[in-house]
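In what follows, a structure is listed as structure tokens, so that the remarks can point back to it.
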Amino acid sequence: MEEKKQIENEHLTKVYHTNHIVEAITVEKRCTGIAHYRKVSRRGYVNLETGEYIESKARASPIDIEKRFKKSCHELRRIINLNFTGHCSEKFLTLTYSGTMRDYKQVNLDFKRFWSRFRYSYPSCEYIRIIEPQANGSYHLHVLMKRMDRQGLFVPMKKLKQMWERGGVWIENLPFVDNFGAYFCPKFLKESTTSTDTVSKAHEKGTRIAFYPEHFRLYSCSRGIQKPVPVTMTYGKLKQIVGGTPPCYSHTTTIRDEQGSREILNSITYEQYILKGEKRHE
DNA sequence: ATGTAACCCATCGAAGATGG
DNA sequence: CCATCTTCGATGGGTTACAT
């Protein structure tokens, strides 16, 4: 049993406040100094203290890729929660291919073309775009679209189909959920590893992440989309912001030297609060 | 006029190492 | 897992050019 340590009110915590959702990340031993290594080229790093030069691994391991993916998902969730509230100026689009499309670059080109057309007719719109492989490895796109002048966004189906001629198009209102970020983030990692057939390779690794190319971007945003800015504050100040609301989710990770080691290097507590009252503004 | 594609470049996300 | 830093390649969008 891990004893639940109470965080001191004076302890510093990093807080993301994205509309009605508040996330607090509290690191027990906060990073003190500056990292010793500096990137000096594509693969090269130099230790500033010793002058030692090293080169990075040629290829990232599947574990590294999964970590990166999770990190991107976290950021994506926050961006969505900061920019989308369920207002009538917001819509959710899905763009698919009629055939199989496994060319990541081509998908980006196709979206670029779609966006240049869309922007012409709806110049006040901004987007968050997520590229996702389906179980068979064929890509499709999810787009959260938003009118910045806060007028209702209505796009005739006929027009949409003209702008995206590669396959199916869907446009919907945002669903009635508390956490849009969590709703729209890919959930590959939960997939079971029990594979059946042809798509073997990706499934053997237990995830569709394997379909992405090496330097993929899970999401991208147009410039008008706000980026979440964390604020470092005391834990007491955080409690003041959330009032009496208890965290709806909380998790502490302990970092050990190596697996099974008894010595704890650090611990990180993640908490999420959902504040009522500043929820949806229709 | 009206809609689309082609350039170019500032900006932004991904990479990747270590210490805690 | 988070923090921190730098480099590099991708890309968003303003502008121009080219259609219809």
Side-chain angles (χ1 to χ4, degrees), chain A residues 2 11-16 23-50 52-76 78-79 104-131 141 143 148 159 162-165 189 209 212-230 232 250-259 261 263-271:
Chain A
E2 301 265 349
H11 200 91
L12 290 176
T13 185
K14 194 169 86 169
V15 176
Y16 288 94
E23 286 174 278
I25 298 145
T26 314
V27 178
E28 193 189 337
K29 294 177 195 164
R30 307 185 78 246
C31 207
T32 49
I34 306 156
H36 294 160
Y37 281 83
R38 281 299 118 79
K39 189 170 191 164
V40 292
S41 66
R42 187 174 157 74
R43 305 225 119 92
Y45 291 83
V46 166
N47 186 325
L48 292 182
E49 295 192 326
T50 64
E52 178 200 12
Y53 175 84
I54 55 163
E55 292 209 333
S56 62
K57 287 179 288 185
R59 181 170 297 184
S61 72
I63 294 163
D64 291 334
I65 291 170
E66 192 175 308
K67 275 184 190 167
R68 259 177 250 143
F69 182 79
K70 281 184 180 170
K71 191 179 173 187
S72 300
C73 281
H74 273 127
E75 191 60 20
L76 174 59
R78 290 179 195 124
I79 295 173
Y104 174 88
K105 278 189 176 169
Q106 186 60 48
V107 178
N108 286 323
L109 284 174
D110 289 340
F111 180 78
K112 196 183 175 102
R113 185 163 56 189
F114 169 79
W115 176 240
S116 84
R117 292 170 174 174
F118 194 95
R119 198 178 35 180
Y120 185 81
S121 301
Y122 302 88
S124 66
C125 279
E126 301 286 345
Y127 70 81
I128 300 171
R129 180 208 73 169
I130 305 160
I131 179 165
L141 293 163
V143 186
M148 301 309 274
K159 195 159 183 156
Q162 279 168 12
M163 293 187 279
W164 178 260
E165 1 67 320
L189 300 172
I209 298 170
Y212 287 113
E214 203 179 345
H215 298 259
F216 72 95
R217 285 192 190 191
L218 171 65
Y219 67 91
S220 70
C221 310
S222 58
R223 240 168 244 172
I225 294 293
Q226 281 184 270
K227 297 297 153 63
V229 179
T232 301
S250 158
H251 178 256
T252 298
T253 317
T254 54
I255 312 302
R256 293 182 157 79
D257 210 342
E258 43 192 282
Q259 280 231 317
S261 167
E263 198 192 348
I264 295 173
L265 289 177
N266 206 346
S267 80
I268 298 143
T269 301
Y270 173 90
E271 294 171 310

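Protein chains get the first letters and strands the later ones, always in sequence-line order, with residue 1 at the start of each.
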Just verifying a value: how many Å separate A:K14 NZ and A:R30 CZ, rounded to the nearest 0.5 Å?
9.0 Å
Among C:dC1, C:dG9, C:dG12, which is the nearest nucleotide to the side chain of A:R42?
C:dG9
Given that A:C221 and A:H74 both sit by DNA chain C, which one's nearest nucleotide is further toward the 5' end?
A:H74
Have a look at A:K227 and say if it touches a base, only the backbone sugar-phosphate, or nothing, with a 4.0 Å heavy-atom cut-off.
sugar-phosphate
What does A:Y127 touch in the nucleic acid at a heavy-atom separation under 4.0 angstrom: a base, only the sugar-phosphate, or nothing?
sugar-phosphate
Could you check whether any side-chain N or O of A:S222 sits under 3.5 Å from a backbone N or O of A:Y127, counting only pairs where one atom can act as donor and the other as acceptor?
yes
Out of C:dT11, B:dA5, C:dC2, minimum distance to the side chain of A:Y104 belongs to C:dT11
Tell me what A:I255 touches on the nucleic acid: a base, only sugar-phosphate, or nothing, going by heavy atoms under 4.0 Å.
base
Proximal nucleotide (of C:dT6, C:dT11, C:dG12) relative to the A:R38 side chain:
C:dT6
At under 4.0 Å between heavy atoms, what does A:K14 touch on the DNA or RNA strands: base, sugar-phosphate, or nothing?
sugar-phosphate
Looking only at C:dG12, B:dG16, C:dA10, the nucleotide nearest the A:R217 side chain is C:dA10
Side-chain N,O (A:S72) to OP1/OP2 (B:dA14) below 4.0 Å
yes
Looking only at B:dG20, C:dC2, C:dG13, the nucleotide nearest the A:N266 side chain is B:dG20
Pick the closest DNA chain B nucleotide for A:I79 and for A:K112 by heavy atoms, then say which residue is nearer the 5' end.
A:K112
For A:E55 and B:dG16, give me the distance from atom CD to atom C1', rounded to whole Å.
13 Å
Strictly distance-based, threshold 3.5 Å: is any side-chain N or O of A:R129 a donor or acceptor partner for the main-chain N or O of A:Y219?
no
Heavy atoms only, 4.0 Å cut-off, all strands: where does A:F216 land among base, sugar-phosphate and nothing?
sugar-phosphate
Answer with base, sugar-phosphate or nothing: what part of the nucleic acid does A:S121 contact at a heavy-atom distance below 4.0 Å?
nothing
Checking B:dG20, B:dG13, B:dG16 against the side chain of A:L265 (C-beta onward), the nearest is B:dG20
Let me know which of A:T269, A:T232, A:T26 forms a side-chain hydrogen bond (donor to acceptor under 3.5 Å, both in side chains) with A:T13.
A:T26
Taking atom C1' of B:dT18 as reference, at what distance in whole Å does atom CG of A:D64 sit?
13 Å
Nearest to the side chain of A:K29, heavy atoms from C-beta on, is which of B:dG20, B:dT18, B:dA17?
B:dG20
When we call it a touch if two heavy atoms are under 4.0 Å apart, what does A:N108 touch: a base, just sugar-phosphate, or nothing?
sugar-phosphate
Need one value for A:R113: base, sugar-phosphate or nothing, where a base atom within 4.0 Å counts as base even if backbone is also close, heavy atoms only.
sugar-phosphate
Measure from the side-chain heavy atoms of A:Y120 and tell me the nearest of B:dT4, B:dG20, C:dG13.
B:dT4
Counting only side-chain N and O atoms of A:S220, is one of them less than 4.0 Å from OP1 or OP2 of B:dC12?
no
Quick one: is C:dG13 close enough that its OP1 or OP2 comes under 4.0 Å of any side-chain N or O from A:W115?
yes
